[in-house]
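First up is the structure itself, then whatever we jot down about it.
Quick caveat, the model's predicted, so the values are computed rather than measured. All values below come from the heavy atoms of this structure, side chains included, with hydrogens, waters and symmetry mates left out. Letters A, B, ... are given to chains in the order of the sequence lines, protein chains preceding strands, and every chain is numbered from 1.
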Amino acid sequence: MTQVRVRFAPSPTGFLHIGGVRTALFNWLYARRHHGTFVLRIEDTDQSRSTDQSIQAILEGMNWVGLDWDEGPFRQTDRMDLYRDHAMKLFNMGRAYWCVCKPEELEARRKEAEAKGLSPRYDGRCRNLGITNPPGEAALRFRAPQEGHTVVDDLIKGKVVFDNNVLDDLIILRSNGYPTYNFSVVVDDALMGITHVVRGDDHLTNTPRQVPIFEALGFPIPRFGHLPMILGSDKARLSKRHGATSIMAYKEMGYLPEAMVNYLVRLGWSYGDQELFTREELIEKFSWDHVQKSAAVFNPDKLLWMNAEYIKTSPPQRIVRELIPLLVRAGLEEDVRSVSEEWLAQLVVLVRERTKTLTDMVTWVTPYFGWDVSFDKDAAKKNLTAAIAPVLAKL
RNA sequence: GUCCCCAUCGUCUAGCCUGGCCUAGGACGCCGGCCUUUCAAGCCGGCAACACGGGUUCGAAUCCCGUUGGGGACACCA
């Protein structure tokens, strides 16, 4: 078998979403499992929505959960020549044509079709115009096959058959010269030698649109895998109104990255009855055939439980490292400086079984700081009751 | 509207491919008990599901068809 090459290709239009993290995680696990390569690619061809700040957020999030990439981050906007060259190649071989329809006209026609209960597809009116030198602004469309069918043998869903007559002649180059997603993704996945394209479920119907482009360009077709979506408690796609969806928001709330990873991987993947996995175990045990086909509801309670498990079982030194910045932020910088890490570690052991998040832990730990610095475990245990009572009262 | 995907406890899931071991297992949450001077943790126990309808079969959660329900896609967004 050839070397596994997978990628995570987010668009930088906001913070890093936990759904994105899960997609990245599955790709990362597969790469690590097979000693393959994990590529990070930033899909920033939408000029109006992409921001550098979002790119930073993506990198920050990936770093926090420990998903390291072997190549990249590549930015599609650095690769514009590649897309234009390949688009023109398609044009020159007659597989693409110039479309001079105005965006507003297309929009109007789409609405009209929808109103009539028809498919809101492009009607192909520029398809056979044979425009070679478009006057002013024009977009380049791919001449999609109209007959036959495209079969996607999905790693997760199995064989899925699409009739080519539902295919649209989609725009591959916008009139501003930027490539569209369905085109740049094909060029990049091919040129980057991606062997397995694993992405969200919402891309499944994009696949039969992309496969003919691979074919037309003479590229080998990668394997595809489509991961089920994450839903909110009302079974609607997970969004802000269900609570925090940014991965970094969970850091802020006092979650451990290993707990996030463990929870997210179990959301849609299983290994018998096992709930808790070390990173090494995940790499060793991960495979597509235990990935669920159906969408999963995000359950904050279970995540909280899992975080508590990690807090209870992680080496106290590890917890201390994560805790210190939070203590500093809580205004306890002086106090933290006056005690040893060892002292803090003992304190962590003392309170950890009653805390579910690091933020909880800050609350529990705070009253101890007024005490004698020569911390004695046994003495503290005897005095635990006294320490807890006032904290309880405040809660 | 058209196309595609999905369907086991409230939720995450095991089992389904290779029908009988399933009076359907585990986990979260919930309820009760034990432990504890109180809380938490821990331990023990309980509630709770094969969406529905037809087939196939000696036998179906497991295979087939249909229905219903949920989700996704149909942009000069990704």
Whole angstrom is fine here: how far is it from [atom1] in [X] over to [atom2] in [N]?
{"X": "A:W269", "N": "B:A27", "atom1": "CH2", "atom2": "C1'", "answer": "14 Å"}
{"X": "A:H290", "N": "B:C12", "atom1": "NE2", "atom2": "P", "answer": "19 Å"}
{"X": "A:L227", "N": "B:C4", "atom1": "CG", "atom2": "P", "answer": "21 Å"}
{"X": "A:D154", "N": "B:C6", "atom1": "CG", "atom2": "C1'", "answer": "13 Å"}

Open item on the list: Looking only at the aromatic ring of each residue, does the gap between the centers of A:Y181 and A:H203 stay below 6.0 angstrom?
Closed with: yes
TODO: Give a yes or no on whether the ring-centroid distance for A:Y310 and A:Y255 is below 6.0 angstrom.
DONE: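 Not under 6.0 Å, so no.
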Polar atom pairs between nucleotides 32-36 of chain B and protein, under 3.5 Å, N or O only, would you list them?
none

Distances for protein N/O vs nucleotides 16-26 of chain B N/O pairs under 3.5 angstrom?
residue	atom	partner	partner atom	Å
B:G25	N2	A:D273	OD1	2.8
B:G26	N2	A:E275	OE2	3.1

Sub-3.5 Å pairs of nitrogen or oxygen atoms, protein against nucleotides 1-3 of chain B:
residue	atom	partner	partner atom	Å
B:G1	O2'	A:G117	O	2.6
B:G1	N2	A:S119	OG	3.3

- [ ] Apply ring pair (Phe, Tyr, Trp, His ring centres under 6.0 Å) to the pair A:F298 and A:Y263, showing each step before the final yes or no.
- [x] CA-CA 9 Å; A:F298 182 81; A:Y263 177 72; 5.5 Å; yes
Task: Side chain A:N206 and base B:A78 donor-acceptor under 3.5 Å - done: yes
When we call it a touch if two heavy atoms are under 4.0 Å apart, what does [X] touch: a base, just sugar-phosphate, or nothing?
{"X": "A:C99", "answer": "nothing"}
{"X": "A:G268", "answer": "sugar-phosphate"}
{"X": "A:S175", "answer": "base"}
{"X": "A:N299", "answer": "base"}

Open item on the list: Going by the rule side chain to side chain contact (heavy atoms under 4.5 Å, CB included), which residues pair with A:E284 if we only count those two or more places apart in sequence or in a different chain?
Closed with: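 Scan of A:E284 (side chain to side chain contact (heavy atoms under 4.5 Å, CB included), adjacent residues dropped) gives none.
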- [ ] Would you please confirm or rule out a distance under 4.0 Å between OP1 or OP2 of B:A78 and any side-chain N or O of A:T45?
- [x] yes
Taking only nitrogen or oxygen atoms into account, show me every contact under 3.5 Å that the protein makes with nucleotides 40-46 of chain B, one pair per line with its distance.
residue	atom	partner	partner atom	Å
B:A40	O2'	A:E353	O	2.6
B:A41	O4'	A:E353	O	3.2
B:A41	O3'	A:K312	NZ	3.0
B:G42	OP1	A:K312	NZ	3.2

- [ ] With sequence neighbours excluded, give me every ring-ring contact (aromatic ring centres under 6.0 Å, His included) pair touching residues 46-88 of chain A.
- [x]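 For residues 46-88 of chain A: A:H86-A:F219.
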Open item on the list: Which label fits A:F224 and A:H226: parallel for a plane angle under 30°, tilted from 30 to 60°, or perpendicular past 60°?
Closed with: parallel
Task: Watson-Crick or G-U wobble partner of B:A40, both distances under 3.5 Å - done: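 By the stated definition (distances under 3.5 Å), nothing pairs with B:A40.
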TODO: For A:Y263 and for A:A138, locate the closest nucleotide of RNA chain B by heavy-atom distance; then report the residue assigned to the nucleotide nearer the 5' terminus.
DONE: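 This one resolves to A:Y263.
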